[in-house]
Amino acid sequence: MTKERRNLLLNIASIISVYIILWFFQKYGTEYQIRILNNMAVFITLAVSYNLVNGICGQLHLGPNAFITIGAYTAALLTMSPAEKQMSFIIKPLIWPFSVIQAPFPVSLIAAGIAATIFAFLISFPVFRVRGDYLAIVTLGFGEVIRVLCNALQSVTNGPLGLKGLKPYTTIWWSWSIAIFTVIVIQKLINSSWGRAMKAIRENEIAAQAMGINPFKHLMMAFLISAFFSGVAGGLLAHLITTISPTLFTFFLTFNLLIIIVVGGLGSTTGAVIGAMLFAWGGEALRVVESPMDIGPVHIPGIPGMRMVLFSVILMLVIIFARRGITGRNEFSWDWLFSKLSGK
Amino acid sequence: MANGIFFEAKNLTMRFGGLVAVNNFSLKLNGGELMGLIGPNGAGKTTVFNMITGTLVPTSGKVIWLDEDITGLPPHEITARGIARTFQNVRLFVDMTVQENVMVSFHHKIKASFWQAMFGLRKYTKEEERIREESMTLLRQVGLAHLAGEKAGALAYGQQRRLEIARALATSPKLLLLDEPAAGMNPQETMELADFVREIRDTFDLTIFLIEHDMKFVMGLCERIKVLDYGNTIAEGTPDEVQNNPEVIKAYLGEPKNAAG
Amino acid sequence: MTTKIFLQQLTNGISLGSLYGLVAIGYTMVYGILRLINFAHGDLLMVASYTAIYGIAMFTLPWYISFPLAIIVTGFVGIMLDKAAYKPLRDAPRISLLISAIGASFLLENLALVVIGGVPKAFPRPEIFAKVVSIHGVRIQVLTIYTPIITILLLFGLLFIVYRTKAGKAMRAASMDFETTRLMGIDLDRIIAFTFLLGSTMAGAGGIMWALKYPQVNPFMGVIPGLKAFIAAVLGGIGNIVGAVIGGFLLGLAEILLVAFMPEAAQYRDAFAFVILILVLLFRPTGIMGEPIVDKT
């Protein structure tokens, strides 16, 4: 059996085992566990696609919340029935054609991805005119612009009221299938000649360009692919929490993703996956510190913000003392595992 | 290309604000030539390279390549047309392996689309295999094959310089620009480099235009030499002619280190 | 619109703009020397405001002691910020530095949330700032007049330090070339700390005046003014102190006048500054007063 064949079989086997584990939880797990599993999958999709721009291309993009917002609203507007929409939009009626169309969940997810991609395409021209800190602040700015628009364009988004009563279509089957698909496709891209070109831009843009690589084209490609999957994840998120409003998609969300990919290992898909799973689990587990507690006769009131204090401290400690995060830029591979096992 | 222009720079001038970095630089190259560009520090040599390769757009003047006006084209398009370069201060992709560094240069010639790569389709995987093989062949030719899996940043300085040349060769150039290839090398390494440059010119059927500080290196290697001083061309000719040119001697008097080689 | 209302809006714009300018100074100085957007800079407004509140409420200090004290404290918080979040990363890639800055910003905000709580606190407003004067029938709060005057005075003081003192000269040298400055035997870390001290002091002064103008203090009050001040710094030409103040004035004026002339655009106000930023970066990336950057290959 060749190595390639062996690895392919092992990959298939691992995917099957993921589904077996999911089935197990579906049958015996608690609602709480299912929620964490869903969160994990959505964060994996988001983190792996975010890492493509930040870790592989090396551009500090701070606007994934814009893509997620667009995806969430697009998908939500498509799955709601015209009657539901008419009831929700009490301040200003929803504009045509959203007011009349309705689409099945899978179609709405694809539309969510496409809408986010179109937006990414439009903003990529100003965004990639600049680099470094400027790129960071411009992308952050677009995130803010989208948030402002969400509040202001009431005939599309229902303004600050948001959209309520979405159907909980997002099951662990949907969320994990999409997460697995995202990981496979993005990993294939990173390991291809295009991925090499993107890394070359990260390492030294002037040299990359002198070797015949068009930086704008490749950065835009990464940006659009990242936007597509973030948009899809936004659609998943909307149908997971069933209520969306502009306050859900602030810079805060971007900050969470940044923590995930930095702690996991900037530039590594494996790291992004590990980071996302830790975050989804840890984020829930740490809710304890924000909820009121009674230890014997002592009542400790909930401390809002405590989780974020911890997260910020973790982010800074990692970036200062362990800049490579958990995995560095390394990726998991079967070859690596076998060489470890055989002790070589 | 019988009667056409192979390479010509016509009256290239570069101004930064009030400062004239290069003034009226003209140069004709014939296929297969080995041409040198020398001059004291700050004479504008790298600026000439930057104008030719598209990193800088000249204030005035033209660059003609294979009968086409390529002035102001972005660097990646100029590379795609067959002009490659190295950098004065080595600019490798340090966190990628030696082989990956070379493979990057094949990217602009790739025929499959990124869709095919994303879904691992045959058309792409075949091409990837070919790139892998060709890059190994090239590394063997420049004597770096045994280091293919190492991180480029981990190589010794001389090897890094060699890898930079290999990476430029992988773009399949007809004209190769070398920016101070011998910088930081000892006399032994410099001698080996001269042989190496001659060798690649013959194997890859190249025209080479190089900048160098080391006079001995340039005089021994190049067939024609151009001398820049404060942005102006002060001499051009064979090594012998240039060496005995009073203007050149005057320009270099202030820098005995270079005059001594 | 009557001339009266227009004049009123104009003074409002100048006053808001001078606040942006004061905060922008800190961004521009730190950027000039470290090439870093100090994301946490805006949060210093919050630090100054809370310190001033506690000075008055807990220690019953009179405002004329509590305010300057708060400004000084903010200056030292700025130095601590550099020591904790940026100094360990002097030789790290720029992306790490920026991530650390974002982390520091979230840490300050949420620390305030944990310690003080999210309920906005009312900022005490001394009588002399609250007065309203009427000039030819145009009614203006005296604070609106004081703000630009204080800004200009602080600017002159700062320019004196930067251009006439030894420390200021070392600072300018460091912003030109790190290595050479180090070789000249100048202690870079001290110069950087000094830069943070100056920039943060300006932010402290800006924070107090901001809180006087909008007397609701909460842990996240510095975020939006901070972002806008950064945009003002880019608009004025990043690295240029006078440019930062001019950029601030322009941005403040533009915002106020936009809302004055098109009231229906008020809800887009926070997005407007980013549109300006994008336009500046597209058409004049060096800003109004910035020098063109020569890219070395």
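Quantities reported herein were computed from a predicted structural model and do not represent experimental measurements. To find a chain, count down the sequence lines: A is the first, B the second, and so on, and within it residues start at 1.
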task = Step through the shown structure and confirm whether more than 12 heavy atoms of other residues, nucleotides or ligands are within 6.0 Å of NZ on B:Lys109.
result = yes
task = Count the heavy atoms of every other residue, nucleotide or ligand shown that sit under 6.0 Å from CG of B:Asp205, and state whether that count exceeds 12.
result = no
key: Closest non-hydrogen atom pair, A:Gly212 against B:His108   = O-CB, 3.3 Å
query = Quick one: does A:Arg196's side chain get under 4.5 Å of B:Met96's, heavy atoms only?
reply = yes
query = Side chain, backbone, both or neither: which part of B:Leu92 has an atom under 4.5 Å from a heavy atom of chain A?
reply = backbone
key: Proximity breakdown for A:Ile225 and chain B, heavy-atom pairs closer than 4.5 Å   = side chain
request  = Look at A:Lys199, A:Arg329, A:Gln187 and state which one has the largest set of heavy-atom pairs under 4.5 Å with chain B.
outcome  = A:Arg329
task = State whether the number of non-hydrogen atoms from other residues, nucleotides or ligands found under 6.0 Å of B:Tyr157 atom OH is greater than 12.
result = yes
A:Met211 side chain near B:Thr79 side chain, heavy-atom distance below 4.5 Å = no
key: salt bridge (Lys or Arg N to Asp or Glu O under 4.0 Å) against B:Arg130, all qualifying residues, sequence neighbours excluded   = B:Glu127, B:Glu134
query = Do B:Phe119 and A:Lys188 pass the side-chain contact (heavy atoms from CB on, under 4.5 Å) test, and can you show the C-alpha distance, the side-chain angles, and the key distance before you say yes or no?
reply = CA-CA 7 Å; B:Phe119 295 104; A:Lys188 281 249 186 259; over 6 Å; no
inquiry  = Looking only at heavy atoms and a cut-off of under 4.5 Å, which of B:Val104, B:Thr171, B:Ile78 has the most pairs with chain A?
reply    = B:Val104
request  = Side chain from CB out, backbone as N, CA, C, O: work out which of these in B:Glu128 comes under 4.5 Å of a heavy atom of chain A, or both, or neither.
outcome  = side chain
request  = Compare all side-chain heavy atoms of A:Gln209 with those of B:Pro74 and state whether any distance is below 4.5 angstrom.
outcome  = yes
query = For B:Ala117, is it the side chain, the backbone, both or neither that has a heavy atom under 4.5 Å from a heavy atom of chain A?
reply = both
query = Which atom names give the shortest non-hydrogen contact between A:Asn204 and B:Phe93, and what distance separates them?
reply = O-CE2, 3.6 Å
ask   = Does a side-chain heavy-atom distance below 4.5 Å link B:His76 with A:Asn214?
value = yes
inquiry  = Testing the basics here: between A:Ala197 and B:His107, what is the closest heavy-atom pair and its distance to 0.1 Å?
reply    = CB-CD2, 3.7 Å
query = Which value, rounded to the nearest 0.5 Å, describes the distance between A:Ile190 atom CD1 and B:Met118 atom CE?
reply = 10.0 Å
inquiry  = Given heavy-atom pairs under 4.5 angstrom as the criterion, report whether the side chain, backbone, both or neither of B:Ser113 touches chain A.
reply    = backbone
task = Without swapping roles, check the side chain of B:Tyr124 against the backbone of A:Ser192 for a donor-acceptor pair under 3.5 Å.
result = no
Backbone N/O of B:Asp95 and side chain of A:Glu203: donor-acceptor pair under 3.5 Å = yes
key: Engaged part of A:Phe216 at the chain B interface, taking heavy atoms whose separation is under 4.5 Å   = neither
